[in-house]
J.: 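Quick one: the structure is below, and I'll ask about it shortly.
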Amino acid sequence: VERGAVIDGAGTLSGLDSARIEWFGAVGDGATNNTTAINKALAAAKKVYLGSGTFYVESSITPVTNNEIVLDKNCIIQANANNLNIFSLDTVNNVSITGGKIVGDNTNDSFTSGNGIYASTVTGLKVEGVTITNIGDNSGGAGILLYSGVVDAKILNNSISGGTGNSGASDIIVYGACENTLISGNDCTSSNDIGIYANAISSSLGKMRIVNNYVANHTRHGIVTGYDTYNSMGVIVDGNNVVDCLSTGIYVQSNEAAV
């Protein structure tokens with residue numbers, strides 16, 4: 001591909017080792033809808049670079065198996081749509097998302113907030129060094145939501161802020177049959193319901209570590225495990241700094257978590 005070239009057309013390109021979203025027509029001007037261009041790049045290459053700029057999207061970015069997604073430190077993914085999972089991973093494996101910033105629009109009262117990064121039935125997910133802001137409102141929503149069937153996930157050194165609302169709105173949620181999850185080194189400072197929320201984790205799976213996170217400013221709990229009478233089997237909560245949460249810092253509803 002020549003420097004500056006744009007790959008366009010109705011066909012599908014695949015098999016590249018790496019690609020830049022700009023090759024597929026993405027424009028970081030904060031106004032152009034870049035969803036199609038980004039998803040074409042993800043389908044075409046294993047490693048995909050998102051450059052500097054504000055890349056506006058109106059529907060979900062959908063990684064495929066073995067994608068390594070690298071956001072420039074000055075890359076912003078800006079969403080302005082109702083009930084949107086900005087990154088949506090469903091039944092894929094070995095995906096990483098690193099760097100950059102994901103920005104929602106929970107200040108728009110006409111929208112129902114979705115999630116910054118949503119994953120279901122995914123093995124081998126890593127989210128590292130991502131800044132996520134303005135996700136979650138009174139209808140719920142999370143910066144990062146792992147929703148059942150997520151195995152071997154690493155949520156590392158992310159910064160999540162600007163979330164609001166109650167009804168379970170949280171910075172990080174792990175729900176259902178997820179196994180071997182590491183949540184470490186994250187800053188969770190939204191003024192929403194809960195900082196880190198491990199809910200309904202199957203007692204036969206578990207193996208979750210919530211360690212060395214900074215959690216502050218939440219309107220109910222800092223960290224919750226086993227909420228609503230579900231088990232916290234195999235959950236380790238250790239070395240976290242939890243401050244200024246109105247109800248409790250760390251809430252363990254069952255006796256099967258190690259704190």
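Any value given below was found using the heavy atoms of this structure, including those in side chains, with hydrogens, waters and symmetry copies removed.
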J.: Consider only side-chain heavy atoms of I, L, V, M, F, W and Y, link residues closer than 4.5 Å, and tell whether W23 and Y49 are in one cluster.
T.: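 No; tracing contacts between hydrophobic side chains, which count when under 4.5 Å, never links both residues.
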J.: If two hydrophobic side chains count as joined below 4.5 Å and joins carry through other members, does I86 share a cluster with I76?
T.: no
J.: Tell me every residue that passes side-chain contact (heavy atoms from CB on, under 4.5 Å) with T131, counting only those two or more places apart in sequence or in another chain.
T.: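 Once residues adjacent in sequence are excluded, the partners of T131 under the side-chain contact (heavy atoms from CB on, under 4.5 Å) criterion are K101, S159.
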J.: When you check the gap from the basic side-chain N to the acidic O, do D193 and R220 get nearer than 4.0 Å?
T.: yes
J.: Just verifying a value: how many Å separate N34 CG and E58 CD, rounded to the nearest 0.5 Å?
T.: 10.0 Å
J.: Identify the residue among V242, N240, N186, N241 that makes a side chain to side chain contact (heavy atoms under 4.5 Å, CB included) with Y214.
T.: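 The passing option is N241.
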J.: I'd like to know if the side chain of N93 reaches the main chain of T123, judged simply by a donor and an acceptor atom lying under 3.5 Å from each other, with no hydrogens or angles considered.
T.: yes
J.: Nearest 0.5 Å, please: how far is CD1 in I21 from CD1 in I77?
T.: 6.0 Å
J.: Considering residues at least two apart in sequence or located in another chain, which fulfil the ring-ring contact (aromatic ring centres under 6.0 Å, His included) criterion with Y147?
T.: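 Partners of Y147 under the ring-ring contact (aromatic ring centres under 6.0 Å, His included) test: Y175.
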J.: Any idea which heavy atoms bring D171 and S190 closest together, and the distance?
T.: OD1-OG, 2.7 Å
J.: Would V130 and T98 satisfy side-chain contact (heavy atoms from CB on, under 4.5 Å), going step by step from the backbone distance to the final call?
T.: CA-CA 6 Å; V130 181; T98 59; 5.6 Å; no
J.: C178 and S148: which non-hydrogen atoms are nearest, and at how many Å?
T.: SG-N, 3.5 Å
J.: Rounded to the nearest 0.5 Å, how far does CG of N39 lie from OG of S60?
T.: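 CG of N39 is found 8.5 Å from OG of S60.
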J.: What heavy-atom pair brings T35 and S59 nearest, and what distance separates the two atoms?
T.: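 So the two residues come closest at CG2-OG, 3.1 Å.
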J.: Could you grab the distance from atom SG of C188 to atom CD1 of I160, nearest 0.5 Å is fine?
T.: 4.5 Å
J.: Within a 6.0 Å radius of atom OH on Y56, are there more than 12 heavy atoms belonging to other residues, nucleotides or ligands?
T.: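 Count over threshold, so yes.
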J.: What pairs of residues pass the salt bridge (Lys or Arg N to Asp or Glu O under 4.0 Å) test when at least one of them lies in residues 60-71, not counting sequence neighbours?
T.: K47-E68
J.: Going through the distances and angles, do V237 and I223 end up as a side-chain contact (heavy atoms from CB on, under 4.5 Å)?
T.: CA-CA 9 Å; V237 182; I223 298 172; 4.3 Å; yes
J.: Can you see which heavy atom on L42 is nearest to which on N67, and at what distance?
T.: O-ND2, 3.1 Å
